[in-house]
Peer 1: 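Below you'll find the structure I mean.
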Amino acid sequence: MTDSAEQEFPAMIRIGIILGSTRPNRNGPQIAQWVLDMASRRADAEFELIDLRDNPLPHLDEPVSPMLGPSVHEHTRAWAERIDPFDGFVIVSDRAAGAMRRGASHV
């Protein structure tokens, strides 16, 4: 039998809250902050806000999907590194006539 102090516990789940709107007069930051505040009340996971405005990604500028081959552009590799530590995501997007904003549609 092992000592309880020696038991290894699984790593805490990490969830990225992605703010999907990048437009100048967006309402998303307030909504994303509220989501982060509510989620952070949980003790069984860690949450972090990721703003697409801080991670510029030109729309569909890679020759192939990253799952089919290595990314050509540094910004795509930086994005992959940024989101790699997370186990899941919540995407917060402003309402745009019932559709997802273009900024988050290719994340």
Side-chain angles (χ1 to χ4, degrees):
M1 183 170 261
T2 62
D3 184 333
S4 62
E6 294 177 3
Q7 288 181 345
E8 288 190 36
F9 294 96
M12 189 167 295
I13 294 173
R14 295 195 63 208
I15 304 295
I17 299 171
I18 298 175
L19 174 49
S21 175
T22 58
R23 64 189 174 95
N25 297 322
R26 61 193 181 156
N27 293 318
Q30 299 89 339
I31 299 165
Q33 186 61 53
W34 179 83
V35 171
L36 177 61
D37 292 345
M38 293 296 111
S40 294
R41 293 179 178 180
R42 298 182 62 108
D44 59 346
E46 295 176 353
F47 300 89
E48 184 177 333
L49 186 58
I50 303 167
D51 191 339
L52 284 186
R53 193 183 273 179
D54 299 332
N55 300 273
L57 292 169
H59 189 64
L60 301 175
D61 73 333
E62 289 289 341
V64 297
S65 169
M67 67 185 216
L68 298 176
S71 298
V72 174
H73 301 292
E74 175 56 32
H75 56 257
T76 310
R77 290 190 300 273
W79 174 249
E81 186 176 312
R82 175 72 176 101
I83 64 171
D84 184 57
F86 296 97
D87 300 300
F89 302 94
V90 173
I91 298 176
V92 175
S93 179
D94 296 353
R95 186 173 190 281
M100 185 176 279
R101 291 254 178 229
R102 187 176 72 181
S105 64
H106 68 284
V107 172

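Each residue takes its place number in the sequence, starting with 1.
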Peer 1: Taking all heavy atoms of R26 and all of L19, pick out the closest pair and write down the distance.
Peer 2: NH1-CD2, 3.4 Å
Peer 1: In the single-linkage hydrophobic clustering (I, L, V, M, F, W, Y; side-chain heavy atoms under 4.5 Å), do V35 and I13 co-cluster?
Peer 2: yes
Peer 1: Flag the pair H75 / P56 as yes when at least one side-chain heavy-atom distance between them is below 4.5 Å, and no otherwise.
Peer 2: no
Peer 1: I need the W79 CH2 to E74 CD distance, nearest 0.5 Å.
Peer 2: 14.5 Å
Peer 1: Taking the side chain as every heavy atom from C-beta outward, state whether Q33 and L36 have any atom pair closer than 4.5 Å.
Peer 2: yes
Peer 1: Flag yes if I15 and M12 sit in one hydrophobic cluster, no otherwise; membership is Ile, Leu, Val, Met, Phe, Trp, Tyr, and two members link when side-chain heavy atoms are under 4.5 Å apart.
Peer 2: no
Peer 1: May I ask you to test the V92-L49 pair for a side-chain heavy-atom distance under 4.5 Å?
Peer 2: no
Peer 1: Tell me whether F89 is reachable from L57 by hopping between hydrophobic residues (I, L, V, M, F, W, Y) whose side-chain heavy atoms are closer than 4.5 Å.
Peer 2: yes
Peer 1: Minimum heavy-atom separation for V72 and R77, please, with both atom names.
Peer 2: O-NH1, 2.9 Å
Peer 1: Does CZ in R14 sit with more than 12 non-hydrogen atoms of other residues, nucleotides or ligands closer than 6.0 Å?
Peer 2: yes
Peer 1: Check V64 against G69 and note the closest heavy-atom contact, atom names and distance.
Peer 2: CG2-N, 4.3 Å
Peer 1: Grab the two heavy atoms, one from T76 and one from E62, that are nearest each other, plus how far apart they are.
Peer 2: OG1-OE2, 2.6 Å
Peer 1: Less than 4.5 Å apart, side chain to side chain, heavy atoms only: is that true for I50 and F86?
Peer 2: yes
Peer 1: For a 4.5 angstrom cut-off between non-hydrogen side-chain atoms, does W34 reach M38?
Peer 2: yes
Peer 1: Starting at CD of E46, measure out to CG of D87 and round the result to the nearest 0.5 Å.
Peer 2: 9.5 Å
Peer 1: Any ion pair linking D51 and R53 (charged N to carboxylate O, less than 4.0 Å)?
Peer 2: no
Peer 1: How about I18 and L52: do any of their side-chain heavy atoms sit closer than 4.5 Å?
Peer 2: yes
